[in-house]
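Beneath this line is the structure, given in structure tokens, with notes to follow.
All residue numbers in this chain count up from 1 along the given sequence.
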Amino acid sequence: MNQVVTLILFFILGLSYIALTYFQGIPVLNYHQINNENHNVLTLSDTEFEAQIKYLYQEGYTAISPEQLADYLQYGKELPNKPILITFDDGYEDNYQVAYPILQKYHFKATIFLITDFAGKYSRYLTWQQIREMSDNGINFESHTLSHIILPKASDEEVYAQLVNSKKALEWRLGKKVEYLAYPGGKCDQRIIQLAKEAGYRAAFTVNFGRNRTNSTMYTLNRIPIFGGGTHTFFHFWLRLKFTPVFNALQEFKIFLLNQGNTFLAGLIYIP
């Protein structure tokens with residue numbers, strides 16, 4: 001019993017520290033597919049997505065670019081009121097067909113981390129014509145590698161080719177500088193970080209649940225996953241956006257309890 005009380009006290013103190021320290025960070029939302037056909041963990045319906053974007057609009061959020069975020073984190077450059085970075089991974093065609101019109105309706109820009117070898121090749125993915133149109137109208141395109149390999153499992157030569165050639169492809173196709181990367185599956189290590197630096201990237205994003213502050217590491221930036229298939233609701237989105245550090249801490253504490261064999265207490269912890 002004493003051990004349980006100690007754990008709960010440690011948990012409360014930890015949450016208090018996180019609430020006081022981390023709530024001021026910049027949120028980076030992470031989406032994938034937006035459609036009404038796929039019902040998997042990566043997909044939101046059009047109504048769910050529009051409800052979220054409408055909420056951000058009504059609450060006075062301002063969408064920023066990866067460059068604005070990097071300038072703030074590195075140099076302390078001023079950001080607009082209630083900044084938020086909206087990102088999509090992979091480059092699905094429904095980002096153009098469904099998400100893009102909704103973003104335009106509410107005057108939000110966004111960033112798509114593109115798997116460059118899939119563009120214009122597979123029917124589920126964006127065409128280069130769609131990419132160029134979006135690029136000309138407030139959507140940033142950055143790298144998600146050539147073919148979405150898990151980078152830590154690949155050789156230095158293969159990783160470097162994936163990073164450099166995807167960057168070159170985007171710059172050649174769009175005539176714009178590409179300096180930001182999202183690791184496939186969020187997987188990285190110190191070797192991958194060093195190769196990303198050598199390949200010319202200024203910053204890179206994981207899928208680690210959290211916000212970003214001026215002391216964040218530029219090559220392991222956090223994001224807030226906003227997907228969940230048929231179980232995802234606006235309430236889940238709202239909780240994740242508003243209480244990111246709390247639910248991150250809850251998730252880690254739940255894992256700790258499960259590892260300790262305390263399934264009863266772990267079962268009482270709600271993770272949206």
Side-chain angles (χ1 to χ4, degrees), residues 18-32 34 44 48-89 95 99-114 134-144 176-183 186 201-227 234-249 272:
I18 288 170
L20 291 171
T21 307
Y22 293 99
F23 265 86
Q24 299 306 310
I26 309 302
V28 181
L29 305 182
N30 179 210
Y31 297 96
H32 285 74
I34 311 294
L44 265 69
E48 287 172 340
F49 181 70
E50 180 161 9
Q52 294 173 16
I53 299 301
K54 183 178 180 181
Y55 171 81
L56 296 177
Y57 173 77
Q58 291 175 335
E59 290 296 307
Y61 282 89
T62 303
I64 62 173
S65 67
E67 182 177 18
Q68 286 176 286
L69 177 62
D71 284 345
Y72 166 75
L73 296 177
Q74 287 185 306
Y75 310 126
K77 287 192 177 181
E78 188 175 349
L79 288 173
N81 185 48
K82 299 184 77 169
I84 192 164
L85 176 54
I86 301 170
T87 71
F88 297 80
D89 283 2
N95 293 178
Y100 178 46
I102 293 171
L103 290 166
Q104 287 187 308
K105 178 178 177 180
Y106 294 99
H107 310 291
F108 277 104
K109 58 187 175 183
T111 295
I112 296 176
F113 291 102
L114 189 71
M134 296 170 80
S135 178
D136 290 338
N137 291 279
I139 306 298
N140 300 302
F141 283 88
E142 305 292 341
S143 174
H144 203 36
K176 298 179 180 180
K177 195 171 185 179
V178 171
E179 294 186 293
Y180 303 96
L181 168 72
Y183 303 111
Y201 290 97
R202 182 182 178 187
F205 293 82
T206 68
V207 292
N208 297 336
F209 199 151
R211 295 187 178 196
N212 298 290
R213 302 183 301 134
T214 51
N215 65 349
S216 295
T217 303
M218 294 299 292
Y219 292 88
T220 55
L221 294 175
N222 299 315
R223 290 192 284 178
I224 304 171
I226 307 294
F227 41 85
F234 178 83
F235 185 56
H236 289 119
F237 159 78
W238 185 84
L239 285 174
R240 288 188 173 205
L241 174 63
K242 292 295 185 180
F243 301 99
T244 311
V246 171
F247 286 108
N248 182 39

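Note that CD1 of I139 and CD of Q104 are 7.5 Å apart. Values are rounded to the nearest 0.5 Å. Between atom CD of residue E67 and atom OG1 of residue T111 there is a gap of 10.5 Å, rounded to the nearest 0.5 Å. To the nearest 0.5 Å, the span separating CZ on F205 from OH on Y180 amounts to 8.0 Å. Distance check, rounded to the nearest 0.5 Å: CZ of R240 to CZ of F209 gives 5.0 Å. Taking CZ from F113 and CG from N30, the interatomic distance works out to 8.5 Å, rounded to the nearest 0.5 Å. Atoms CD1 and NE2, from I112 and H144 in turn, are 12.0 Å apart once rounded to the nearest 0.5 Å.
Shown here for T220 and T206, the closest heavy-atom pair between the two residues is CA-CG2, 3.7 Å. Residues A63 and F108 approach most closely at CB-CD2, 3.4 Å, considering heavy atoms. Between L79 and Q68, the shortest heavy-atom contact is CD2-O, 3.6 Å. Between S65 and L85 the shortest heavy-atom distance is C-CD1, 3.9 Å. Between I224 and P27, the closest heavy-atom pair is CD1-CB, 3.8 Å. Across E59 and K82, no two heavy atoms sit closer than the pair O-NZ, 2.8 Å.
Side-chain contact between V28 and L221 is absent, with no heavy-atom pair separated by less than 4.5 Å. Contact check for S216 versus R211: no side-chain heavy atoms found under the 4.5 Å cut-off. Counting heavy atoms from C-beta outward, E142 and Y201 have side chains that stay 4.5 Å or more apart. A heavy-atom distance below 4.5 Å is found between the side chains of H32 and D89. Residues N140 and P66 have side chains in contact (heavy-atom distance under 4.5 Å, counting atoms from C-beta outward). Counting heavy atoms from C-beta outward, Y31 and N95 have side chains that stay 4.5 Å or more apart. Taking the side chain as every heavy atom from C-beta outward, S135 and K176 approach each other to under 4.5 Å. In this structure the side chain of I86 never reaches within 4.5 angstrom of the side chain of Y61, judged on heavy atoms.
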Practice task
Could you walk me through whether Q52 and F234 pass side-chain contact (heavy atoms from CB on, under 4.5 Å), step by step?
Solution key: CA-CA 7 Å; Q52 294 173 16; F234 178 83; 4.2 Å; yes
Practice task
Kindly determine whether F141 and M134 satisfy side-chain contact (heavy atoms from CB on, under 4.5 Å), including the steps that lead there.
Solution key: CA-CA 9 Å; F141 283 88; M134 296 170 80; 3.8 Å; yes
Handout entry: From CA spacing to verdict: side-chain contact (heavy atoms from CB on, under 4.5 Å), L103, F88
Key = CA-CA 12 Å; L103 290 166; F88 297 80; 4.1 Å; yes
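Remark: E78 CD is loosely packed, at most 12 non-hydrogen atoms of other residues, nucleotides or ligands lying under 6.0 Å away.
With respect to Y72, the side-chain contact (heavy atoms from CB on, under 4.5 Å) criterion is satisfied by exactly one of I64, N212, I26: I26. Each of L241, L29, T87 was checked for a side-chain contact (heavy atoms from CB on, under 4.5 Å) with I226, and the lone residue meeting it is L29.
Taking the six-membered ring where the residue is Trp, F237 and Y55 present perpendicular rings, their angle passing 60° and hence far from 30°.
For the residue pair E50/Y106, the side-chain donor-acceptor check at 3.5 Å is satisfied.
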